[in-house]
Structures are given as structure tokens and as C-alpha cells.
Amino acid sequence: MDKPIRVLVAKPGLDGHDRGAKVIARALRDAGMEVVYTGLRQTPEQIVQTAIQEDVDVVALSILSGAHNHLLPKIVNRLKEEGVYDEVLVLAGGVIPDDDIPGLKEAGIEAVFTPGTPTGVTINFIKENLKK
Amino acid sequence: MKDLKGKLIKKSMKATARMITMLENQDPSAIEILADLYSLTGNAKVIGITGPPGAGKSTLTDKLVKGLRKKDKKVGIIAVDPTSPFSGGSILGDRIRMSDLATDPGVFIRSMGTRGHLGGLSKATQGAVKALDLYGMDYIIIETVGVGQSEVDIVKTADTVVMVMVPGLGDDIQAIKAGIMEIGDIFAINKADRDGAAKTHREIANMLDFVEKDWKPPIEQVVALQNQGIDNLLNHILDHLNYLDTTNQLIDRRINSSRIEIMELMKERLMEDFIKEEDIQEDLEVCAREVAQRENNPYRASEELLKKVITKEAKNYENH
């Protein structure tokens, strides 16, 4: 068996809706990836430590609470401080207004997938944009 | 990663994580490093947590680790979940129950997929134990996949095995069947606030009546979610580890698992280097057809193929 892509699917912040995260986790599993799923209400620090210990290739953040502009750049910055951002592809998904997307990309989120995105699009993006 | 070996000696978290990944991917350079550093391992005590799916292994692990942290011990966790035999993917969800531990600097959690390995662990689990041992963990807890009746690999890897049961899974015949029920050094009945806990306790106790070893596995009723009975369970675990130490059985167990590990590595090498499926593919195809159509049988076919491989390899060897 060759090297499977390892993905951390995490839900930062306080919203309690993880259906989207579970759908994407399952789709990535079916695409042959190893998905570390951490569940709800993760702090940026928990997500960053998990990403390091699990040595993941991708961090996929699902957020529906509206706190994306606050939480997502924080996670990217912590990954940078820990010196792992260069090796990890950081993605976001969930309810994120189009107007906020350029700012998030500027902050280091490589792609934002909003509701309705076919899972195949996300899978292909991951396969084509891995950093290591 | 540059100077992985040096960073491992310096107990770098990132290097340890990368090392485990490389071991999982069967990277020869990682094996090389592990061979060099092997003499530095063997310090951590290894605790196996096994039991059927949904028994509460992750929740119990979370609580046991918190107990060990109170004693100021550093703990590594290896949590194994199944890999899909169809897609090769997996959902590694054991961390859900261990959220509080994610930021504890004295805890290192690693999730692993079985990647096609049967027996309740992955092939790289033993290597990961050594990596966490190097990282300076006092205890390493291995949580197996949810097991059925015969996934007993954990005995080869752990010093102490905790078998987690729940009430209501079957009658007393289940308790005397061969397999996983034979490997527990300690039995935990989780979700003991549910109906049937006393009955399950009795059935396990009856089964253990026939155990004639010095160490009689204790049975502890716990409710992991409510943190009930965890202190007692942890004491049983530490007692057992202490018992192994004082009776010299720890070294016996480790000699036994080293013996198995060496044999397994030899078999693996033989299969990988000697009997390459791509080399024998044509012959294999012919044989398979013959066997399916009853023109040959698998017993003789395997003999013939093996003879062919050995003769070929012997010639290669002479030409070297």
C-alpha cells in the first residue's frame, strides 16, 4: 500500500453542527485518505498540536459560526509559529460569505469551499496542491 | 526532515511525528534510524486497551491518561482504527474522546489506520511504540481497533493488557470461547451502570476461576464517562506492571515478543524480497485457473511455484 494522504478535519469554535465536517471526512475516506477527526469545539491550539502530532498533510477546517475571520487566521499563524505551515495545506469549508474569502486567502487559507461544492472538487484540490 | 536522528534524540515532537509517518510508510531510512537508536528504547511501560467496538476504549483511555498525568507521568497514546479494505482510507476518530489531552505537553497522541493488517493493530504500531519511547514517555497506551474474537496482536506488543467489556454482549459461553478473553491481565466492565453488569462480572469471574497462574486477573466495574472506578482500574494496571517487574516476567514477556517480532520481520522480508508477486504473476495466473477448474489443487500448485522460485533465486545468488 502506498502513502495515504493524512488529513485533519477539525471544527474550530463554538457552533455544534458537524454534519458538513462528517460528509467531507467520509468523502475523503472514500478517496483513500486517512482522516483524523477531532470532533466539535476545538481551540486553535488543540488543532495545531493535533496537526503536529498526527503529521498531517492537510488541515481542513469546518466553520459555520461566523467567527471565521477571527479563528482561521489565528490557526494559520500558530502553524507558522510552530514551523509547520510550509508543509501543511490549510483549507476551510462552511458558511463563509464570498466577501470574506479574499481576506482569508490573504491570511493563508489556501482554499475556501462553500456549501454546494461537490466533494470531488475538494478531493482534487487536495491531491493537486499538497505541499510535501 | 534534516537530521531526523539527532532531533529524535533531542525529543522533538515534530521529528517524532514524522518518524511515525515514515514507519507507517515503511520508509527504509526510518527503519535504519530505529535500528541505530534501539538500545535507547525499552524504558516505557506499554499498556494495551482492547475490547469490542463501542465498549468505551477511547473514553477509558482518556480517563486513565488523566490519572497518570496526576501522578506526573508522561504518556504516549497510539489509537488504532480500521482502514477500509476497499478504498484504503480511514476515519481515525479516537481523538474525539481525548480533546482535553491535545494541548497537554506531557501527552503525545497518534492515530493510526490498520492499513490492511489484521490482528487489531497496524504493522507500524510496534515501531510507533519505540518512537514514543524515545520521546521520553513513561507510559504508552495502545488502544486497539474494536476487536471481535481473535484479534490478539496486542499481547505481543503490550506489557499489560486491559480487556474492556460491556454488559449484555453475550452469554457465558462467549466468555469461555478461545481468543480475546484469554489475553486480559485485567478486566474492566465499562458502562457498569447499565443492566447486566453484575451478570457480566459473574460470567468473567467464573471463567477466571480456572486460571491457575499467580496473577489472577482482577475485574473492575467502571463508568468511564462519569470517571467512576478509574482510580481502582489504574491501580490494578500499576499493580500488574509492578508484579511483572518483581517476578521477572516483564523480561520474559519482552523476550517472547522480540522472538515473534524477529520471526515476523524475517517472514516479511522473505515475502517482499523473495516471493514478489509480479515475478510469479504469469505462473500464478496459470495455476489459479487450473486450481479453479480442478485440473490442479492449491496444495500441489503452491509446492510447484515455491520450487520454481527457490531454484530461480538460487541461480541469481550463484551469479552474484
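Note on naming: letters A, B, ... go to the chains in the order of the sequence lines (proteins, then strands), and numbering restarts at 1 for each one.
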query = Using non-hydrogen atoms only, which part of Arg41(A) is less than 4.5 Å away from chain B: side chain, backbone, both, or neither?
reply = neither

inquiry  = I need the residue from Gly113(B), Gly93(B), Ser99(B) with the largest number of non-hydrogen atom pairs under 4.5 Å to chain A.
reply    = Ser99(B)

message = For Gln126(B), run the side chain to side chain contact (heavy atoms under 4.5 Å, CB included) check against Thr157(B), Leu265(B), Ile78(B) and tell me which one passes.
response = Thr157(B)

ask   = Judged by atom type as modelled, is there a donor-acceptor pair below 3.5 Å linking the side chain of Ser87(B) to the main-chain atoms of Ser84(B)?
value = no

query = Which of the residues Glu82(A), Lys132(A), Arg6(A), Arg26(A) is involved in the greatest number of heavy-atom pairs with chain B at under 4.5 angstrom?
reply = Arg6(A)

key: Considering all heavy atoms, the nearest Gly88(B)-Thr83(B) contact   = O-CG2, 3.3 Å

message = Let's test your reading of the structure: which of Ala79(B), Ser111(B), Ala102(B) forms the most heavy-atom pairs below 4.5 Å with chain A?
response = Ser111(B)

Carboxylate-amine/guanidinium proximity below 4.0 Å for Glu24(B) and Arg110(B) = yes

query = Which one, Thr38(A), Thr43(A), Val7(A), leads in non-hydrogen pairs under 4.5 Å with chain B?
reply = Thr38(A)

note = Smallest heavy-atom separation, Lys63(B) atom then Asn227(B) atom, equals CD-OD1, 3.6 Å

request  = Report the residues that fulfil salt bridge (Lys or Arg N to Asp or Glu O under 4.0 Å) with Arg19(A), sequence neighbours left out, ordered by chain and then residue number.
outcome  = none

Heavy-atom contact with chain B under 4.5 Å, split by part of Gln42(A) = side chain

task = Evaluate the side-chain hydrogen bond (donor to acceptor under 3.5 Å, both in side chains) criterion for residues Thr119(A) and Thr122(A): first the C-alpha distance (whole Å), next the side-chain angles of each, then the deciding distance (0.1 Å), finally the verdict.
result = CA-CA 5 Å; Thr119(A) 51; Thr122(A) 311; over 6 Å; no

message = Using a 4.5 Å heavy-atom cutoff, which residues in residues 1-22 of chain B come close to chain A?
response = Met13(B), Lys14(B), Ala17(B), Arg18(B), Thr21(B)

ask   = Distance under 6.0 Å and angle within 45° of the ring axis: does Lys11(A) meet both against Tyr37(A)?
value = no

task = Inspect the contact between Asp86(A) and Lys131(A) and indicate whether a charged nitrogen and a carboxylate oxygen are less than 4.0 angstrom apart.
result = no

